[in-house]
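First the structure, in the form of structure tokens, and then the observations on it.
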Amino acid sequence: MSNAPLDLIAANLRRERDRTGMSLSEVAKKAGVAKSTLSQLESGAGNPSVETLWALGVALGVPFSRLVEPAVPRVQVIRAGEGPVIHSEQAHYSATLLAACRPGTKHDIYWLALEPGGARESLPHVPGSVEHMIVASGRCLAGLADDPIELGPGDYIVYPGDLPHICKALEPGTTAMMVMEHTV
């Protein structure tokens, strides 16, 4: 694990522990981890497993994602092979968080098949809409209409769906998974 995810996890753990008002000892006991382990994690040291972070999330009353997710900019791109990766101690398994659901939202999921030609120009959707897209094959331009980003296989982008946005294939046979998030 590089230092950036550890610093992020450290800051998120401290923020959530401060929010609850619990001491290091209380959180460690509730999570079933050593106080020294929690102290190391909050100082950006150590190498937390999925299981340790999950137990800490439960102890703090927050989803796992809240401990590993960075602050999200208005438009976010995660390139294939990037993102905060957490490894399991119990299996050949790793998880990369791309996005966590915001409270009070619903999701529509679409499979996109795109071919070169004109761009799909979308007018703003209902206020609060957010679009998430992962490119499966090919290359495309996607995102806000005034600043689209070139994406390839495995790349992830999230952008406000309530602003004008586009999607344009740059190669034949481009496919992508689109999740539209709406507030309810």
Side-chain angles (χ1 to χ4, degrees), residues 1-109 126-134 143-144 149 151 154-163 177-184:
M1 200 176 250
S2 73
N3 202 38
L6 291 177
D7 291 342
L8 176 68
I9 289 167
N12 290 347
L13 281 169
R14 283 190 306 271
R15 178 195 67 226
E16 292 304 323
R17 190 171 61 78
D18 288 346
R19 179 191 57 80
T20 66
M22 289 193 283
S23 68
L24 273 171
S25 297
E26 290 171 312
V27 174
K29 182 177 179 180
K30 200 170 180 181
V33 301
K35 179 181 173 184
S36 60
T37 299
L38 179 55
S39 178
Q40 285 179 337
L41 292 176
E42 282 195 8
S43 65
N47 191 11
S49 67
V50 169
E51 293 81 9
T52 298
L53 291 175
W54 201 275
L56 289 167
V58 170
L60 293 165
V62 298
F64 172 86
S65 60
R66 184 129 357 122
L67 299 180
V68 298
E69 68 185 347
V72 180
R74 193 166 97 165
V75 174
Q76 177 185 11
V77 176
I78 299 175
R79 299 289 181 189
E82 294 179 353
V85 179
I86 308 297
H87 299 278
S88 172
E89 292 177 334
Q90 300 171 356
H92 295 289
Y93 173 91
S94 63
T96 302
L97 177 68
L98 298 179
C101 293
R102 297 179 300 152
T105 60
K106 72 174 193 171
H107 297 85
D108 301 322
I109 302 172
V126 297
S129 296
V130 176
E131 292 192 3
H132 304 260
M133 187 170 81
I134 301 172
L144 298 178
I149 297 169
L151 304 166
D155 289 346
Y156 164 80
I157 186 171
V158 59
Y159 51 87
D162 55 3
L163 295 174
M177 174 73 65
M178 167 75 70
V179 177
M180 294 184 66
E181 179 182 325
H182 309 277
T183 54
V184 290

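Quick caveat, the model's predicted, so the values are computed rather than measured.
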Contacts of type side-chain hydrogen bond (donor to acceptor under 3.5 Å, both in side chains), residue [X], not counting sequence neighbours:
X   : result
S36 : none
Q40 : none
D18 : none

How many angstroms lie between [atom1] in [X] and [atom2] in [Y], if you round to the nearest 0.5 Å?
X    : Y    : atom1 : atom2 : value
I157 : L151 : CD1   : CG    : 5.0 Å
M178 : I134 : CE    : CD1   : 11.0 Å
H107 : H132 : NE2   : NE2   : 5.0 Å
M133 : Y159 : CE    : OH    : 5.5 Å
H182 : K106 : NE2   : NZ    : 6.0 Å

Do the non-hydrogen side-chain atoms of [X] and [Y] ever get within less than 4.5 Å of each other?
X    : Y   : answer
E26  : T20 : no
P160 : V75 : yes
L67  : L13 : yes
V62  : N12 : no
P48  : L6  : yes
L56  : L41 : yes
R66  : L60 : no

Non-neighbouring partners of [X] that pass salt bridge (charged side-chain N to carboxylate O under 4.0 Å, His left out), sequence neighbours left out:
X    : result
R14  : none
E131 : none
R79  : D155

### Task
Would you confirm whether D108, through its side chain, and M180, through its main-chain N or O, come within 3.5 Å as a donor-acceptor pair?
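Such a contact is absent between D108 side chain and M180 backbone.
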Indicate the atoms forming the closest heavy-atom contact of [X] with [Y], along with that distance.
X   : Y   : answer
A55 : A31 : CB-O, 3.4 Å
A10 : G44 : CB-N, 3.5 Å
V27 : A59 : O-CB, 3.9 Å

### Query
Could you walk me through whether I9 and V68 pass the side-chain contact (heavy atoms from CB on, under 4.5 Å) check?
CA-CA 5 Å; I9 289 167; V68 298; 4.1 Å; yes
